[in-house]
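Lettering of chains follows the sequences in order, A, B, ..., and the numbering in each one begins at 1. All heavy atoms count here, side chains included; hydrogens, waters and symmetry mates do not.
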There are 2 protein chains.
Amino acid sequence: MTNRKPSQSRSPEAAHEQLYRTLRSRIMYGELPPGESLTLRGLGREFGVSMTPAREAVRRLVAEGALTLSASGRISTPELSSERIEELACLRALLEPELSSRALPRAHAALIERLQLINQSLSEAVNRQDSVGYLRSNLEFHRTLYLRAQAPAMLAMVETVWLQMGPSMRLLYSRLQRREAPRHHRMILAALRAGDEPGLRLAVRADVTRGLRMLAS
Amino acid sequence: MTNRKPSQSRSPEAAHEQLYRTLRSRIMYGELPPGESLTLRGLGREFGVSMTPAREAVRRLVAEGALTLSASGRISTPELSSERIEELACLRALLEPELSSRALPRAHAALIERLQLINQSLSEAVNRQDSVGYLRSNLEFHRTLYLRAQAPAMLAMVETVWLQMGPSMRLLYSRLQRREAPRHHRMILAALRAGDEPGLRLAVRADVTRGLRMLAS
DNA sequence: GCCGGCATTTTGTGATCACAATCAGGGCAT
DNA sequence: ATGCCCTGATTGTGATCACAAAATGCCGGC
């Protein structure tokens with residue numbers, strides 16, 4: 001076969017970028033179980049590209065802790081120890097209250113309304129027993145709030161934590177999927193409306209550490 | 001030329017790994033100024049490898065925020081806005097007290113002695129007006145302490161912050177290089193010896209935010 | 001029935017190439 | 001003198017290949 005390429009548009013979205021985004025999304029929202037193994041050729045085949053872009057996307061995700069390499073270079077989603085999960089939960093508990101606090105002064109009515117909407121689809125996902133949808137809506141709730149903090153570096157760091165927890169979260173939530181709906185989320189919204197910063201920090205922290213408690217298994 | 005390769009030892013240290021480590025070290029310790037541009041072919045030439053390992057190392061560093069890609073894919077060290085620096089300093093102020101606090105119960109006499117030794121070479125670097133040596137010793141002081149926290153994910157996150165600040169730190173420290181020696185470091189050591197957790201957190205936070213204050217320029 | 005060793009296959013690594021987009025520089029017109 | 005365009009060089013991207021190491025499957029021996 002010749003080296004012909006159909007196109008080489010550089011700026012819009014490089015091939016490895018799309019692969020990266022798709023894979024990242026799958027991992028963050030728990031579509032892949034912990035310990036799932038991936039191959040460069042397999043990913044390339046699935047996305048219709050060669051190994052090169054697959055390698056770059058994987059390398060990037062490994063750097064973010066979303067994938068791990070075995071000693072021999074095999075690629076798989078991480079299987080987190082409970083110490084590791086505790087650590088990541090602690091990171092969330094440190095970072096997210098700060099982000100919410102920074103977002104508070106900029107949280108207008110339109111934002112709160114949007115958060116309520118997200119909360120609705122979250123409830124629907126709970127009713128559907130759809131753990132991927134649950135994770136997606138839950139993280140979108142947090143991300144939407146934190147985007148207002150105007151702190152991109154901090155947000156990126158939190159997203160990295162979410163990403164690392166992704167595969168393990170699915171298991172966590174698929175088990176403890178009671179009707180609980182977004183109790184803490186309503187507390188967050190109330191604190192936002194009241195402009196109550198300490199209450200907001202507490203509510204966010206409680207929401208974040210709630211997930212942690214169901215890992216004593 | 002044929003495709004001959006002299007060796008392909010996989011396990012010890014892959015080529016891109018060494019390139020990554022060296023580059024990362026250069027960036028973290030401020031050996032590269034902000035805005036310095038790099039090329040894949042240039043790096044490959046310097047390290048005697050092809051573009052492929054250079055690409056992987058660069059991709060990894062970009063994922064960690066140690067390098068940035070321009071819209072057209074050009075590689076350079078980041079030029080941080082002061083808002084960005086403030087954010088990163090805030091991250092340090094959030095994470096490092098937590099790490100020090102976790103290290104405290106495990107901080108034996110041998111560790112404190114080692115920290116004192118590092119402090120010595122830090123003072124020497126100050127006298128030598130050696131800002132790279134200063135940065136290196138300073139971060140080694142912190143890293144040595146935090147390693148005792150047994151919190152690899154948290155430590156990795158802090159190191160990522162250090163890495164992002166690297167090129168900008170050089171400028172910061174080369175300007176405000178008074179004889180100040182490690183004042184806060186001595187406070188940290190005192191708190192460690194006394195087993196004083198609140199004091200330790202405060203001392204660490206003060207040491208971390210000190211650098212921040214000299215960026216009002 | 002189970003386990004150890006051998007051959008085949010799979011898989012990551014690194015080199016090399018074609019290509020398009022961008023960048024840098026000089027020369028020309030105004 | 002200054003602004004603009006055009007050309008050549010530089011640079012990242014993706015494809016393809018050779019290779020070695022690890023994984024897998026198979027078979028025979030006990």
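Applying the side chain to side chain contact (heavy atoms under 4.5 Å, CB included) criterion to A/Gln116, with sequence neighbours excluded, gives A/Leu189, A/Arg193. Evaluation of the ring-ring contact (aromatic ring centres under 6.0 Å, His included) rule for B/Tyr20 yields no partner, not counting sequence neighbours.
Whole-Å rounding puts the A/Arg60 CZ to D/dG12 C1' distance at 15 Å. Spacing between atom CG of B/Leu19 and atom C1' of C/dG14 amounts to 12 Å, rounded to whole angstrom units. Nucleotide C/dG14 holds its C1' atom 15 Å from the CD atom of B/Gln18, rounded to whole Å. Across the protein-nucleic acid pair, B/Arg74 atom CZ and D/dT10 atom P stand 12 Å apart, rounded to whole Å. The distance between atom CZ of A/Arg45 and atom C1' of D/dA15, rounded to the nearest whole Å, is 16 Å. Protein atom CD1 of A/Ile75 is 9 Å distant from nucleotide atom C1' of C/dT11, rounded to whole Å.
Residue-environment remark: CZ (B/Arg205) stays at or below the threshold of 12 foreign heavy atoms within 6.0 Å. Few gaps surround CD on B/Glu159; more than 12 heavy atoms of other groups in view lie less than 6.0 Å from it.
You'll find that the side chain of B/Arg59 is closest to D/dT13, out of C/dC23, D/dT13, C/dG12. Here the side chain of B/Ala15 is nearest to one of C/dG14, D/dA15, D/dT10, namely C/dG14. Of all nucleotides listed (C/dC17, C/dT13, D/dA23), C/dT13 comes nearest to the side chain of A/Met51. With C/dT16, D/dA15, D/dT13 as the candidates, the nucleotide lying closest to the side chain of A/His16 is D/dT13.
The residues B/Glu17 and B/Arg60 are annotated as salt-bridged, a charged nitrogen and a carboxylate oxygen being separated by less than 4.0 angstrom.
Separation of atoms OG (B/Ser137) and CG (B/Asp130) is listed at 8.0 Å; rounding is to 0.5 Å. Note that CD1 of A/Ile27 is 6.0 Å distant from CG of A/Leu163, once rounded to the nearest 0.5 Å.
Residue A/Arg55 places no side-chain atom within donor-acceptor reach of the base of D/dG14, judged by atom type and a 3.5 Å distance cut-off alone.
Put simply, A/Ser72 has no side-chain N or O that comes within less than 4.0 Å of OP1 or OP2 on D/dA22. At the phosphate of C/dG14, neither OP1 nor OP2 sits under 4.0 Å from any side-chain N or O atom of B/Thr52.
Taking a 4.0 Å limit (strictly below) on heavy-atom distances, residues 33-44 of chain A reaches DNA chain C at A/Leu38, A/Thr39, A/Leu40, A/Arg41.
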